[in-house]
*Asks:* 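Here it is: the structure, laid out below.
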Amino acid sequence: MAHSTVGTHVVVEDAASLAEAVQRTHVVIEVAGRLHDLEKFTLLEGSSLVGTTSEAELVFKPDSDGVALTANNTLQNLTLRSDPSRLTLSLESATTTLGQLKLQDLVVYGRLHLESSIVMTADLVLTDVQVYDGDSTSALHRPVGYGVEVVPGSLTIYNRCTDPQSRWTLRAENLSGGTRNVPLRGSGIFIFGGMTVPANADPQGGSAPSSPGGMIDLKLLTTGEIHTNGNIPAGKGLTLKQRDRSSAF
């Protein structure tokens with residue numbers, strides 16, 4: 001087990017020392033090289049994960065999710081890698097207040113998916129985040145209305161709280177995803193919050209009834225290139241049928 005501690009900073013050099021470091025709150029975990037064969041882990045409240053070199057990378061085991069954020073976390077200067085449909089970076093908070101989550105200078109292989117149905121307040125700051133080789137077409141929670149589902153993106157921020165007092169703020173600069181040869185599968189970048197529309201609403205009957213829900217106050221959104229493929233077969237139309245409301249979520 002290789003690691004060293006300086007104050008609230010912990011330098012990790014292998015999977016074992018990382019697993020030990022993430023048991024602590026309010027610590028800065030520094031990664032200098034490539035750590036592989038990792039299991040999913042949760043970054044506890046107030047802790048940060050920071051790459052100290054351009055080679056800093058976390059590689060997760062096949063069929064394993066990656067890093068789950070909680071509250072007041074920072075991830076910076078890292079490459080994170082998991083299988084295309086796995087949650088390489090996600091939200092796993094038991095509290096209604098996230099504080100600030102700061103994601104900066106990240107390269108993510110797989111899915112970056114921040115979703116909650118209980119969080120009331122959050123300040124999300126994303127800067128220079130690139131997502132590659134993600135596949136969100138099997139995502140379970142999809143906004144639904146008029147019998148149509150919306151497939152989330154490989155980069156998703158989704159306030160699913162039904163309380164209209166829930167309000168997240170988001171500032172996102174220079175987000176990009178996919179390549180021409182390997183586009184993201186799904187909706188690319190997906191940011192959603194606010195009212196919900198019943199799954200069985202009839203578009204021919206006028207404006208649909210809606211229920212207020214949690215909001216996302218989008219302060220800024222800028223992007224680079226985004227390449228995405230919704231996986232609808234070329235040349236084929238879709239017949240939309242009413243969904244059974246019980247299967248909406």
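The first residue in the sequence is number 1, and the count goes up from there.
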*Asks:* Using the test side chain to side chain donor-acceptor pair (under 3.5 Å), find all partners of Glu225 that sit at least two apart in sequence or belong to another chain.
*Replies:* His227
*Asks:* Specify the closest pair of heavy atoms between Ile118 and Thr95, including all atoms of both residues, with the distance to one decimal.
*Replies:* CD1-O, 4.1 Å
*Asks:* When rounded to the nearest 0.5 angstrom, what is the spacing between CG in Asn159 and OG in Ser117?
*Replies:*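 Between Asn159 CG and Ser117 OG, I get 9.5 Å after rounding to 0.5 Å.
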*Asks:* Go through the steps to decide whether Thr96 and Val119 satisfy the test side chain to side chain contact (heavy atoms under 4.5 Å, CB included), and finish with yes or no.
*Replies:* CA-CA 4 Å; Thr96 59; Val119 169; 5.8 Å; no
*Asks:* Please determine whether residues Leu221 and Leu124 belong to a single hydrophobic cluster, defined as Ile, Leu, Val, Met, Phe, Trp and Tyr linked transitively by side-chain heavy-atom distances below 4.5 Å.
*Replies:*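 Same cluster.
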*Asks:* Evaluate the side-chain proximity of Leu75 to Leu106: yes if any heavy-atom separation is below 4.5 Å, no if none is.
*Replies:*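 Result yes, sub-4.5 Å side-chain heavy-atom pair found.
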*Asks:* In this structure, would Leu58 and Leu155 fall into the same cluster of hydrophobic residues linked by side-chain contacts under 4.5 Å?
*Replies:*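 Yes.
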*Asks:* Take Leu170 and Ile191 through the side chain to side chain contact (heavy atoms under 4.5 Å, CB included) test and state the conclusion after the steps.
*Replies:* CA-CA 10 Å; Leu170 171 62; Ile191 299 170; 3.7 Å; yes
*Asks:* Can you get from Val28 to Val125 by hopping between Ile, Leu, Val, Met, Phe, Trp and Tyr side chains that sit under 4.5 Å apart?
*Replies:* no
*Asks:* Is the shortest side-chain heavy-atom distance between Val27 and Val22 below 4.5 Å?
*Replies:* no
*Asks:* Got a second to check how far Arg167's CZ is from Asp123's CG, nearest 0.5 Å?
*Replies:*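 The distance works out to 13.5 Å.
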*Asks:* Please name the pair of heavy atoms, one in Asn72 and one in Glu45, separated by the smallest distance, quoted to 0.1 Å.
*Replies:* ND2-OE2, 4.1 Å
*Asks:* Could you tell me whether a side-chain N or O of Thr88 sits under 3.5 Å from a main-chain N or O of Val108, the two making a donor and an acceptor?
*Replies:* no
*Asks:* Below 4.5 Å, heavy atoms only, C-beta onward: do Thr156 and Phe192 meet side chain to side chain?
*Replies:*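 A side-chain contact under 4.5 Å is absent here.
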*Asks:* Taking it one step at a time, do Val10 and Arg24 satisfy side chain to side chain contact (heavy atoms under 4.5 Å, CB included)?
*Replies:* CA-CA 10 Å; Val10 178; Arg24 301 170 56 181; 3.2 Å; yes
*Asks:* Is there side-chain contact between Tyr158 and Trp168, with heavy atoms separated by less than 4.5 Å?
*Replies:* no
*Asks:* Would a distance-only check, ignoring hydrogens and angles, find a side-chain to backbone donor-acceptor pair under 3.5 Å from Thr179 to Val182?
*Replies:* yes
*Asks:* By side chain to side chain donor-acceptor pair (under 3.5 Å), which residues pair with Asp105, not counting sequence neighbours?
*Replies:* none
*Asks:* Suppose the criterion is ring-ring contact (aromatic ring centres under 6.0 Å, His included): which pairs have a residue in residues 100-126, not counting sequence neighbours?
*Replies:*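 Pairs touching residues 100-126 that pass the test: Tyr109-Tyr132.
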*Asks:* How close do Glu13 and Ser17 get, counting heavy atoms only, and between which atoms?
*Replies:*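 Minimum heavy-atom separation between Glu13 and Ser17: N-OG, 3.2 Å.
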*Asks:* Can a donor-acceptor pair be found between the side chains of Ser82 and Asp65 at a distance below 3.5 Å?
*Replies:* no
*Asks:* With respect to Thr169, which candidate in Asp217, Leu218, Thr121 satisfies the side-chain contact (heavy atoms from CB on, under 4.5 Å) definition?
*Replies:* Asp217
*Asks:* Charged N to carboxylate O below 4.0 Å: is that the case for Lys61 and Glu39?
*Replies:*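 Glu39 and Lys61: salt-bridged.
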*Asks:* Would you say Asp135 and Thr137 are linked by a side-chain donor-acceptor pair, where the criterion is simply a distance under 3.5 Å?
*Replies:* yes
*Asks:* Are Leu80 and Val59 connected, step by step, through hydrophobic side chains (Ile, Leu, Val, Met, Phe, Trp, Tyr) whose heavy atoms are closer than 4.5 Å?
*Replies:*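 Different clusters: Leu80 never reaches Val59 through Ile, Leu, Val, Met, Phe, Trp or Tyr contacts under 4.5 Å.
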*Asks:* Does the side chain of Arg111 come within less than 4.5 Å of Arg86's, by heavy atoms?
*Replies:*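 Answer no - side chains too far apart.
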*Asks:* Where is the tightest heavy-atom contact between Ala68 and Glu92, given as atom of each residue plus distance?
*Replies:*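 Looks like CB-CB, 3.6 Å.
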*Asks:* With side chain to side chain donor-acceptor pair (under 3.5 Å) as the criterion, how do Thr127 and Asn174 come out once you've worked through the C-alpha distance, each side chain's angles and the decisive distance to 0.1 Å?
*Replies:* CA-CA 6 Å; Thr127 308; Asn174 194 28; over 6 Å; no
*Asks:* Starting from the C-alpha separation in whole Å, work towards a yes-or-no answer on salt bridge (Lys or Arg N to Asp or Glu O under 4.0 Å) for Arg185 and Asp133.
*Replies:* CA-CA 8 Å; Arg185 278 84 77 197; Asp133 198 25; 3.3 Å; yes
*Asks:* Consider only side-chain heavy atoms of I, L, V, M, F, W and Y, link residues closer than 4.5 Å, and tell whether Leu126 and Ile216 are in one cluster.
*Replies:*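 Yes, same cluster.
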*Asks:* Should we count NE2 of His26 as having more than 12 external heavy atoms under 6.0 Å?
*Replies:*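 It does: His26 NE2 has more than 12 such atoms within range.
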*Asks:* Have a look at Leu98 and tell me which of Thr70, Leu91, Leu114 forms a side-chain contact (heavy atoms from CB on, under 4.5 Å) with it.
*Replies:* Leu91
*Asks:* Measure the spacing between CE of Met215 and SG of Cys161 and express it to the nearest 0.5 Å.
*Replies:* 12.0 Å
*Asks:* Are any of the side-chain nitrogens in Lys219 or Glu173 under 4.0 Å away from the carboxylate oxygens of its partner?
*Replies:*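 No, this pair does not count.
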*Asks:* For side chain to side chain contact (heavy atoms under 4.5 Å, CB included), just list the numbers for Asn229 and Leu184, CA-CA rounded to whole Å, side-chain angles, deciding distance to a tenth of an Å, and then say yes or no.
*Replies:* CA-CA 6 Å; Asn229 182 348; Leu184 303 175; over 6 Å; no
*Asks:* How long is the straight-line distance from CG of Leu89 back to CG of Leu112, given to the nearest 0.5 Å?
*Replies:* 4.5 Å
*Asks:* For Val12 and Ala21, which heavy atoms make the closest approach, and how far apart are they?
*Replies:*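 Heavy atoms of Val12 and Ala21 come nearest at CG1-CB, 3.9 Å.
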*Asks:* Hey, what do you get for CG (Asp14) to CZ (Arg34), rounding to the nearest 0.5 Å?
*Replies:*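 One gets 14.5 Å once the value is rounded to the nearest 0.5 Å.
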*Asks:* Atom OG in Ser90, atom CG in Leu69: separation rounded to 0.5 Å?
*Replies:*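 It comes to 7.0 Å.
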*Asks:* Return the minimal non-hydrogen interatomic distance between Phe190 and Val150, and the atom names on each side.
*Replies:* CE1-CG1, 3.5 Å
